[in-house]
Amino acid sequence: MPKLNFDIDEATLLKAYKISSLTPNQWEEVDHEFEDSVAGSLLSPTTGNEGEGDPLGLGNEVRGIAHLQNSIEARSEALRILVEDNFDRFVAVKASTDALHAEMKEGILAPPTEYASKPLRDQLKQAAQKANQVFLPVLENASKAQKLRTTLGVFERSKFFFNLPSFIIESIEAGRYEVAMRDYKKGKYLLENRPGQLLPIGTLKDGAATQAAEQQQKRVLDKVWNSVERAMSEMRNVLVSQLQDSTRTVEEQEKTLEILLELQSTDEPVWTYFDSHHKHIIDEMNKAYSTAMTSIEGNLKKSEAEFSDPAAATTSLAEQLQTSILQLEAKQSDSIIAKSPGEPTWQAVLELVKNVSEIMLASLPSFWKISRSFIEGRFKKETVNEVNSMEISNEVTSLLKSLLESARWRFEDILISNWLRDAAIFYHVESWAPSTTIPHSTHYLGQIELFQRHLTTCAFRLAGGVESSSGLGNRPSKQNPIPQVFITKITRAFLDALYAILDGLVLLASDESPVVTGKLPPIDKSMQKSTTLLEVLDVRDSNTRILVVVSNFGHMANTFIPSMLTQLESAFGVSLLEDRQTLNTVIKELDKTLFEGYVNPKAKTVKSILRNGILDPEMDWYDTPQPTAIRPYMYETLMYLVGIHAQVCEAAESLLPRTLNVLAEGLASEALQCFRQVRRFGMGGMLRATLEIEFMHQTLGRYVTTQAAETLSELYNKISQAYARRPGDESLQTSLDGVKRILAETRRATGVEFLCFRQTKTSSTNRGQTTGSRPRDKDRSAKG
């Protein structure tokens with residue numbers, strides 16, 4: 001196989017590709033056969049060895065000149081041959097061409113037609129106009145379509161941002177504020193960090209064009225974002241209005257606050273909530289207060305009109321007290337006990353407290369919960385330390401406690417004021433019904449204890465001492481400790497009310513007693529459990545009333561008051577020793593005053609009878625004969641005591657020893673004073689005085705106290721000392737025996753009349769302790 005030749009022949013390449021150079025700049029076709037081309041030059045024959053021996057290379061130039069000369073000659077020869085072969089055709093063409101040129105110069109190429117260019121230009125203009133009419137709208141529409149396609153492409157890539165206003169509005173209308181907030185934050189991030197992604201402007205070489213495009217981009221994005229801000233402003237207004245809605249729950253309000261705080265960098269939404277709800281709470285409380293006060297004032301005016309007369313008001317209160325006490329004794333419900341002319345007013349007050357409390361309970365917990373969240377920094381992180389340093393929580397707690405304590409204190413004031421008012425007129429409740437459990441007392445004492453216990457319990461509850469159980473079931477009430485100021489206040493009120501009741505007891509014994517003045521409230525027969533003393537005794541009689549009241553005082557001092565004070569001390573954990581002593585002193589003084597009011601007139605009367613008998617002007621104690629009987633004055637004295645005995649036994653038998661003891665002491669003292677006025681006694685006078693005093697002594701022996709016995713002993717000594725012995729008095733013992741016989745006979749004869757003074761078998765009284773020793777033997781021996 002022959003060896004291949006890969007040597008490149010430049011001329012061959014130029015001829016093959018019909019190009020004039022190996023590096024052409026434009027499309028061309030060169031005929032190297034007829035043209036003076038480089039390829040033809042390269043292909044012309046040359047002498048192969050002419051260069052040999054020409055070290056300077058001058059042979060090449062010679063060959064080039066020869067080649068050029070040969071080429072020119074060849075071309076000239078070819079042209080001559082061409083002309084010879086085509087001369088006739090050339091002449092014909094030349095003639096035709098000249099004729100055509102002449103014709104055209106006269107016609108189409110005439111100068112007026114601007115050598116045929118004017119019609120062409122006119123046609124071209126018409127064609128251009130027609131083309132504009134036909135194709136320009138199409139091109140414009142195509143341009144618009146392209147712009148729309150470009151714009152749609154941009155919007156497709158950034159449709160979230162450009163649809164953001166409508167998205168937010170839809171979310172607001174649907175109440176999906178978190179979604180709206182999320183979209184808003186996403187859009188804001190894209191606007192601030194990726195505006196080129198939202199609305200590309202491309203790469204422009206011209207700086208002015210770039211700036212203009214950026215401004216245009218900014219205007220478009222700002223226009224969209226302004227719509228977003230308007231939508232968010234609307235959402236902000238909606239959320240603010242929701243903050244001011246007091247019916248929404250705490251969770252809803254907290255979520256609303258969180259969204260608003262994300263929209264705003266300040267804590268203004270929180271204060272908007274505080275201000276609006278504070279105003280709402282105050283307005284609602286004022287509204288409830290005004291409504292309730294209108295009702296309260298109306299009821300008060302009605303009550304004032306009905307009881308404009310103080311006496312009528314007191315009578316009405318007394319009736320209400322009596323009815324309430326009877327209902328308490330019957331253990332009726334509070335709703336029944338509360339029925340009274342004053343109930344509408346108190347019911348209105350209760351409604352006032354209830355409505356105001358309900359408003360507070362409905363609004364204040366949520367208000368406080370959000371306030372606490374704010375204090376803890378949930379809604380404002382940067383100020384939590386400042387708020388905590390202000391100790392707002394402790395202050396609010398203190399204010400709430402102060403509010404409750406103030407309300408409790410005010411109601412305690414009202415209760416205590418009415419407590420003392422009712423205690424001052426509580427004596428109207430005394431129906432003079434005998435006690436079924438305590439002899440010689442009235443049922444009124446138990447009513448006093450019930451009244452005091454009920455009011456003390458109410459005051460204790462008002463002070464917060466008892467937390468009433470709520471809900472179903474019989475869960476016991478919870479007892480809480482109460483502040484010392486309330487304990488002191490309630491204790492003082494209890495004692496003041498007790499003193500007022502004691503004053504009422506004194507008034508019951510006076511002529512101002514309702515049973516005397518006719519102002520006794522009507523008794524509810526349906527609730528009365530026993531027969532009253534009015535049906536047995538004449539309590540309109542002052543002596544009877546005094547005896548009953550004094551007996552009640554005794555039971556008050558010995559039983560009721562100690563029991564009540566002990567219960568009070570146990571309930572409040574206090575000691576009332578000093579008050580107990582003071583109260584006992586007061587009771588003793590009042591008891592003494594009342595008792596003396598009864599016994600002193602009786603003592604005065606009976607001592608007057610005794611005095612008149614002893615100091616009778618017709619009686620000569622020195623010359624009187626020996627006695628054969630006891631004079632009538634002594635019978636009269638003892639019969640008067642029998643009447644007192646009967647009266648006391650009928651009204652207050654427990655006072656009988658006390659009464660007769662005092663009267664016996666008074667009689668002994670009066671007898672001593674009277675006989676001291678007798679200068680001397682004869683035997684008859686001495687025996688008569690001894691007989692009469694001994695008769696009184698033995699008859700009243702059960703009620704002769706130690707003091708009375710000592711006085712009588714002194715009296716016997718006085719008679720013995722004043723005895724003036726005279727001739728003929730030697731038969732003294734015989735005379736004394738006669739006196740003893742007369743005394744014994746008289747005692748038997750008057751046994752029935754003075755039976756009430758005798759010691760009964762069932763009596764537990766020790767005669768020796770009550771009467772003391774009577775030194776009659778000593779006296780008689782002295783007489784002897």
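Predicted model, so just to flag it, every value in this text is computed and none were measured.
Taking the side chain as every heavy atom from C-beta outward, Asp422 and Phe451 approach each other to under 4.5 Å. Contact annotation: the side chain of Leu498 never approaches that of Phe560 to less than 4.5 Å [non-hydrogen atoms, C-beta and beyond]. Considering only heavy atoms from C-beta on, Met696 comes within 4.5 Å of Leu638 through its side chain. In this structure, the side chains of Leu660 and Phe757 come closer than 4.5 Å at one or more pairs of heavy atoms. Annotation: side chain of Lys607 is in contact with side chain of Leu667 (closest heavy-atom distance under 4.5 Å). Using a 4.5 Å cut-off on side-chain heavy atoms (C-beta onward), Lys588 and Thr585 make no contact. For the pair Ile487 and Val574, the minimum side-chain heavy-atom distance is below 4.5 Å. His443 has its side chain out of reach of Trp432: every pair of non-hydrogen atoms, C-beta onward, lies at least 4.5 Å apart.
The closest donor-acceptor contact from the side chain of His454 to the backbone of Leu328 lies at 3.5 Å or more, if one exists at all. In terms of modelled atom types and a separation under 3.5 Å, the side chain of Ser510 and the main chain of Leu507 share a donor-acceptor contact. A donor-acceptor pair under 3.5 Å links the side-chain atoms of Thr488 to the main chain of Gln484, judged by distance alone. Here the side chain of Glu569 pairs a donor or acceptor atom with the backbone of Leu576 at under 3.5 angstrom. Distance alone, capped at 3.5 Å, places no donor-acceptor pair between the Ser713 side chain and the Ala709 backbone. A donor-acceptor pair is defined here as one N or O able to donate and one able to accept, closer than 3.5 Å; no such pair exists between the side chain of Ser608 and the backbone of Lys604. Checked by atom type and distance alone, the side chain of Ser669 never pairs as donor or acceptor with a backbone atom of Glu665 at under 3.5 Å. Formation of a donor-acceptor pair under 3.5 Å by the Asp541 side chain with backbone atoms of Thr544 is found in this model. The backbone N or O of Phe494 sits nowhere less than 3.5 Å from a side-chain atom of Trp419 that would complete a donor-acceptor pair. The backbone N or O of Thr566 sits nowhere less than 3.5 Å from a side-chain atom of Ser570 that would complete a donor-acceptor pair.
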Derivation and outcome, side-chain contact (heavy atoms from CB on, under 4.5 Å), residues Thr582 and Leu495
CA-CA 10 Å; Thr582 303; Leu495 294 173; over 6 Å; no

Go through the steps to decide whether Tyr598 and Ile644 satisfy the test side-chain contact (heavy atoms from CB on, under 4.5 Å), and finish with yes or no.
CA-CA 10 Å; Tyr598 171 79; Ile644 295 175; 3.8 Å; yes

May I have the step-by-step check of side-chain contact (heavy atoms from CB on, under 4.5 Å) for Ile438 and Leu445, ending in yes or no?
CA-CA 10 Å; Ile438 301 177; Leu445 299 183; 5.7 Å; no

Is there a side-chain contact (heavy atoms from CB on, under 4.5 Å) between Leu505 and Leu590 once you walk through the steps?
CA-CA 9 Å; Leu505 271 173; Leu590 293 176; over 6 Å; no

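Considering all non-hydrogen atoms of both residues, Ala689 and Ile719 come closest at CB-CD1, 3.7 Å. Between Ile742 and Ala629, the shortest heavy-atom contact is CG2-CA, 4.2 Å. Across Ser551 and Leu655, no two heavy atoms sit closer than the pair N-CD1, 3.8 Å. Ile693 approaches Ala671 most closely through the heavy-atom pair CD1-CB, 4.0 Å. Of all the heavy atoms in Cys674 and Arg611, the pair that sits closest is SG-CG, 3.6 Å. The minimum heavy-atom distance linking Arg758 with Arg747 is given by the pair NH2-O, 4.0 Å.
Here Thr456 contributes atom OG1 and Phe572 contributes atom CZ; the two are 6.5 Å apart, rounded to the nearest 0.5 Å. Rounding to the nearest 0.5 Å places CZ of Arg680 at 15.0 Å from CZ of Arg725. We find the CG-OG1 distance between Leu691 and Thr746 to be 6.5 Å, quoted to the nearest 0.5 Å. We find the CG-OG1 distance between Leu610 and Thr605 to be 12.5 Å, quoted to the nearest 0.5 Å. Here the straight-line distance linking atom CD of Glu650 with atom CG of Leu656 works out to 12.5 Å at 0.5 Å rounding. Atom CD1 of Ile448 and atom CG of Leu502 lie 7.5 Å apart (nearest 0.5 Å).
Enclosure of atom CD in Glu512 is not indicated, since only 12 or fewer non-hydrogen atoms of other residues, nucleotides or ligands lie within 6.0 angstrom.
With ring centers used as reference points, Tyr444 lies under 6.0 Å from Phe426.
Residues Ser563 and Gln567 bring a donor and an acceptor atom of their side chains to less than 3.5 Å of each other. No hydrogens or angles considered: nothing links the side chains of Asn661 and Arg658 as a donor-acceptor pair under 3.5 Å.
Relative orientation of the Phe675 and Phe681 rings is tilted, given thresholds of 30° and 60° on the angle between their planes.
With sequence neighbours excluded, no residue forms a ring pair (Phe, Tyr, Trp, His ring centres under 6.0 Å) with Tyr499.
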